[in-house]
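All figures in this text were calculated on a predicted structure; none of them were measured in a lab.
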Protein chains: 2
Amino acid sequence: MSATPPDQFAARLIAQGSRFARIASRATGSSRPLVAMRVLATLQFDGPQRIGQLAAHERFTQPAMTATINRLEADGLVTRTTDPSDARAVVVTLTEAGLAEMTAFRAKAAAHVLPAMERLGADDLAVLARAADLLEKLADDCLPASPRRVGAAPTPSKESDDH
Amino acid sequence: MSATPPDQFAARLIAQGSRFARIASRATGSSRPLVAMRVLATLQFDGPQRIGQLAAHERFTQPAMTATINRLEADGLVTRTTDPSDARAVVVTLTEAGLAEMTAFRAKAAAHVLPAMERLGADDLAVLARAADLLEKLADDCLPASPRRVGAAPTPSKESDDH
DNA sequence: CAATATACATCAGACATTTATATACCTCAG
DNA sequence: CTGAGGTATATAAATGTCTGATGTATATTG
């Protein structure tokens, strides 16, 4: 069943996932980084979040997420409020305009991708739907010790990065 | 079968695909843009390619692909030769070092993702394998009129972009 | 052979991301 | 209640990468 040997499996998933995301996203004409759309979606489905939470979720550095939120805030897609329980923290909330932008992005993505999908069988569509869930889970599992108090090795190393 | 309504399907696939790719790729410690690894993989599996072909395949502008190839060439991962059949064109070829870098990337990706995959059942693994194929096909279908002489509308519009 | 199209390179400008550092706030031992 | 140390975010500086415009060489066509 696997045309690709197991050691190529992960890399192929990374390559095809990123290529599809880029090409489909560009087809929508969106001029915003993909991470911005992911942040908006996270805010929509998981509710308001702290900057640090969002950064960890996307494997971004905190300054990069601050900058991303700055841009979204400047465009009126999110609002920044101080966490009443911790004055250091900032809670980011999706605005009506942000929700509208997400909706528009989804519509454009659907318009450009669904035609190709319609050439697939029901089983393949089910595969893609399931794959989206699995990719989310795999990504979460690849994040460094996010679950609370796991007590695993604290990974003291520096962990270089990419992009 | 679908927890997500159809108009969210494409956007969710984009979001989860890009997030997984980023997180898994960063876990490998690679300091190279993902597009560089995709280019190397393309050169490995599809053989030497022109700069323009590679740019179209990744939906990159030609100057961006030229710069990407410059960096790969500077690191000795690809070589540049003039196409004997067209002196304007440049053919990019994978080197031994380039192949080695791909192999190393695959090994690191596997090392970081396979543990999470092992918690999945055989059916889910099959879903992911199939999904990689489907994502590739969908991405190809989203590319603007790449197939030769289709005679379709030449898409005269400007098509803004992103990232 | 001249006019036009193609393939790639180069350049300038814009952005995004990283590391390092600063600031404000919280927690808690003493 | 005070000060040390940790946490959440902001800011600064450096780096890298993308796009659009343009230049150069080659190919194609009438």
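The A:Phe60 side chain lies nearest to C:dT18 when the options are C:dT18, C:dC8, D:dA8. Side-chain proximity of A:Pro63 to the nucleotides D:dC18, D:dT11, D:dT9 is greatest for D:dT11.
Considering every non-hydrogen atom in both B:Thr28 and B:His112, the closest pair reads CA-CD2, 4.2 Å. In terms of heavy atoms, A:Ile14 sits closest to B:Ser25 at CD1-N, 4.1 Å.
Under a cut-off of 6.0 angstrom, the local environment of NZ in B:Lys108 is crowded, with over 12 non-hydrogen atoms contributed by other residues, nucleotides or ligands.
Contact between the side-chain N/O atoms of A:Arg71 and the OP1/OP2 oxygens of C:dC15 is not found at any separation under 4.0 Å. A close approach under 4.0 Å does not occur between any side-chain nitrogen or oxygen of A:Thr61 and OP1 or OP2 of C:dT17. Distances shorter than 4.0 Å separate none of the side-chain N or O atoms of A:Arg59 from OP1 or OP2 on C:dT18. For the OP1/OP2 pair of C:dA9 and a distance below 4.0 Å, the side-chain nitrogens and oxygens of B:Thr66 include at least one atom meeting the criterion.
Between A:Leu72 atom CG and C:dC15 atom P there is a gap of 15 Å when expressed in whole angstrom units. In this structure, A:Asn70 places its CG atom 14 Å from C1' of D:dA12, rounding to the nearest Å. In this structure, A:Asp75 atom CG and C:dC15 atom P are separated by 11 Å, rounded to whole Å. If you take CD1 of B:Ile69 and P of C:dA7, they are 16 Å apart, rounded to a whole angstrom. A straight line from CZ of A:Arg50 to C1' of C:dC25 spans 11 Å, rounded to a whole angstrom. Atom pair B:Ile51:CD1 and C:dT10:C1' shows a separation of 13 Å (rounding to whole Å applied). One can place CE of B:Met65 at 20 Å from P of C:dT6, the figure rounded to the nearest angstrom. The NE2-P distance, from A:His57 to D:dA8, rounds to 18 Å in whole Å.
We find that B:Glu58 and A:Arg22 are not joined by a salt bridge, their nearest charged nitrogen and carboxylate oxygen being 4.0 Å or further apart. Ion pair A:Asp75/A:Arg32 flagged as a salt bridge, since at least one NZ, NE, NH1 or NH2 atom sits closer than 4.0 Å to an Asp/Glu carboxylate oxygen. Between A:Arg119 and A:Asp124 there is no salt bridge, since none of the side-chain N atoms of the basic residue sits less than 4.0 Å from a carboxylate O of the acidic one.
For A:Gln62 and D:dA10, a side-chain-to-base donor-acceptor distance below 3.5 Å is present, hydrogens and geometry of angles not being considered.
Contacts between residues 77-90 of chain A and DNA chain C, defined by a heavy-atom separation below 4.0 Å, involve A:Asp86, A:Ala87, A:Arg88, listed by number.
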Q: Starting from the C-alpha separation in whole Å, work towards a yes-or-no answer on side-chain contact (heavy atoms from CB on, under 4.5 Å) for B:Phe9 and A:Arg106.
A: CA-CA 8 Å; B:Phe9 191 15; A:Arg106 289 196 185 99; over 6 Å; no
